[in-house]
There are 2 protein chains.
Amino acid sequence: METKLQLLLDHVSKWVNLSPDEVAIFLQHWEVQEFQKGEYVLYNGKICQYDAFLLTGSVKGYYIDPVTAKEEIVFLAIADWWASDLESFHQGSPSMLNIQVVSDAELALISKSNFESLMRMIPKLERYFRIILQGYTSALLRRVYMRNALPARERYLQFIGQYPALNQNLPQYLIASYLGMSAEMVSKIRAELKS
Amino acid sequence: METKLQLLLDHVSKWVNLSPDEVAIFLQHWEVQEFQKGEYVLYNGKICQYDAFLLTGSVKGYYIDPVTAKEEIVFLAIADWWASDLESFHQGSPSMLNIQVVSDAELALISKSNFESLMRMIPKLERYFRIILQGYTSALLRRVYMRNALPARERYLQFIGQYPALNQNLPQYLIASYLGMSAEMVSKIRAELKS
DNA sequence: GAACTACATTGAACTACTTCAATAAACGCT
DNA sequence: AGCGTTTATTGAAGTAGTTCAATGTAGTTC
């Protein structure tokens with residue numbers, strides 16, 4: 001079977017084994033949608049209608065500071081990552097986030113009702129999501145720790161070591177915001193690293 | 001049935017319904033342990049043997065910066081919260097964290113083998129943990145955002161608004177570290193707020 | 001109730017970073 | 001190729017925060 005969802009299926013299969021029947025059910029619950037650079041997957045104030053898995057491309061999740069009107073990057077995502085506002089998606093609450101496509105992307109999308117139906121039909125997928133979220137919480141705790149404990153230079157070095165793919169696929173000023181520093185700071189760090 | 005685990009049971013029951021039989025199985029998988037102020041639940045370098053739910057008291061999770069030798073608070077927890085190093089617990093990898101009791105505490109502990117047995121016997125608990133982790137990731141994303149976007153004063157105000165119980169039960173210098181600022185800074189903010 | 005320990009306050013000096021502004025390079029488009 | 005737009009660089013000035021050191025306060029132990 002030919003499907004763009006293969007990447008997602010592979011990801012899930014790392015953690016739970018699905019029978020052919022279950023695979024068929026699984027695939028029925030998703031839709032694939034293409035987005036072009038600049039398009040929005042989610043606007044702040046709206047309710048997040050889909051949980052989303054990136055098949056290709058990259059997206060950013062950001063918050064607009066009402067005072068400074070600057071965008072603060074909350075997360076960055078590329079292929080093989082999840083990207084949505086889970087709180088808004090599951091609680092049905094208005095999202096604080098904007099999610100926008102940075103480079104042309106294909107997303108696997110699942111609606112809330114489909115998500116719930118899928119969990120009912122294949123309960124062991126709860127396990128998959130539990131494990132994914134476990135890894136995500138660890139990564140977020142590390143991010144908090146690094147932000148608090150490390151100076152700008154070391155945070156940047158850590159980042160390019162840990163996420164070379166993000167570093168290569170995203171403009172510098174987004175990475176700067178993600179790391180909690182100014183774009184100029186990244187520029188100066190890079191200049192200094194060259195010598 | 002009388003059990004100190006009631007608090008945990010109540011927490012779980014918010015999200016999944018357990019039959020009396022399942023409750024009995026559930027309870028068998030946990031042990032309750034008392035810790036006194038200053039005792040360690042986990043030492044860095046060791047493998048986290050237990051997932052832990054706080055029944056009473058408070059704990060801190062911190063990392064010792066190898067350069068400055070200062071402790072950086074990664075998380076704070078009081079009753080009704082989870083507190084462990086999930087990555088170490090599930091992967092069996094050495095933990096970066098120390099987890100130490102701040103005020104006398106009772107913890108509900110579950111070993112890895114018991115955790116896995118419990119998930120096998122009552123698979124719908126996967127759902128409970130999935131939902132808990134969902135909430136936790138949202139809280140962590142908010143924490144990252146606030147650290148990056150807000151100045152010290154507003155971070156502190158936000159914190160005491162969101163976690164009054166933490167604020168009341170923990171010394172100020174721990175809260176300062178948690179918020180990514182110096183203890184002196186918190187002191188100055190508080191002084192300023194009084195006027 | 002003195003003496004110790006743990007935590008909190010205050011102010012002065014310092015610094016890692018930001019902001020601003022101007023220039024430069026890179027990228028896409030016709 | 002050439003033009004506009006978006007992204008990156010560089011330096012100078014400013015600042016939000018840290019660090020350090022000294023003093024103060026509260027809770028514990030004998």
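Chain naming here is simple, since letters A, B, ... match the order of the sequence lines and numbering starts at 1 in each.
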Which other residues end up in the same hydrophobic cluster as A:Leu133, if Ile, Leu, Val, Met, Phe, Trp and Tyr are linked when side-chain heavy atoms come under 4.5 Å apart?
A:Leu86, B:Leu86, B:Leu133

With sequence neighbours excluded, residues passing ring-ring contact (aromatic ring centres under 6.0 Å, His included) with B:Tyr145:
A:Tyr63

Whole angstrom value for the distance that separates P of C:dA16 from CD of A:Glu192
12 Å

In terms of the angle between their ring planes, are A:Tyr128 and A:Trp82 parallel, tilted or perpendicular, with boundaries placed at 30° and 60°?
tilted

Honestly curious: do A:Trp81 and A:Leu8 fall in one hydrophobic cluster under the side-chain, below-4.5 Å linking rule?
no

Does the ring of A:Tyr43 carry A:Lys46 above it, NZ/CZ under 6.0 angstrom from centre and within 45° of its axis?
no

B:Cys48 to B:Leu42 - nearest heavy-atom pair and separation
CA-CD1, 3.7 Å

Members of residues 155-174 of chain B that approach DNA chain C, where some heavy atom sits under 4.0 Å away:
B:Pro171, B:Gln172, B:Tyr173

Are A:Phe159 and A:Val186 linked, directly or through intermediate hydrophobic residues, by side-chain heavy-atom contacts shorter than 4.5 Å (ILVMFWY only)?
yes

Within the structure provided, determine whether A:Arg153 and A:Leu193 are in side-chain contact (heavy-atom separation under 4.5 Å).
yes

Show which residues join A:Ile47 in its hydrophobic cluster (side-chain heavy-atom contacts under 4.5 Å, direct or indirect), or state none.
none

Pull out every residue in residues 180-191 of chain B that has a heavy atom closer than 4.0 Å to any atom of DNA chain C, ordered by number, or say none.
B:Glu184, B:Ser187, B:Lys188, B:Ala191

Between B:Val32 and B:Lys4 the two heavy atoms that sit nearest each other are CG1-CD, 4.1 Å

Tabulate protein N/O versus nucleotide N/O from nucleotides 23-26 of chain D, keeping only pairs under 3.5 Å, one per line.
none

Quick note, ring pair (Phe, Tyr, Trp, His ring centres under 6.0 Å) partners involving residues 102-123 of chain A, not counting sequence neighbours, are A:Phe89-A:Phe115, A:His90-A:Phe115, A:Phe115-A:Phe129

With a 3.5 Å cut-off and sequence neighbours excluded, list the donor-acceptor pairs that the side chains of residues 171-184 of chain A form with protein atoms.
unit_1   : atom_1 : unit_2   : atom_2 : d
A:Ser177 : OG     : A:Ile73  : N      : 2.8
A:Ser182 : OG     : A:Met185 : N      : 3.1

I need the full list of ring pair (Phe, Tyr, Trp, His ring centres under 6.0 Å) pairs touching residues 92-111 of chain B, with sequence neighbours left out, sorted by first then second residue.
none

Is there a path of hydrophobic side-chain contacts, each under 4.5 Å between heavy atoms, that joins B:Leu109 and B:Met119?
no

Whole-Å distance separating the CG atom of A:Asn148 from the P atom of D:dT18
10 Å

N/O contacts under 3.5 Å, protein versus nucleotides 27-30 of chain C?
none

Roughly, in whole Å, what's the span from CG in A:Asp65 to C1' in C:dT19?
15 Å

So what does A:Lys194 hit on the nucleic acid, given a heavy-atom distance under 4.0 Å: a base, only sugar-phosphate, or nothing?
nothing

Hey, what bend do you get for the helix from C:dG1-D:dC30 to C:dT30-D:dA1 if you fit axes on five pairs at each end, rounded to 10°?
50°

Those residues at least two apart in sequence (or on a different chain) that pass side chain to side chain donor-acceptor pair (under 3.5 Å) with B:Gln168 are none

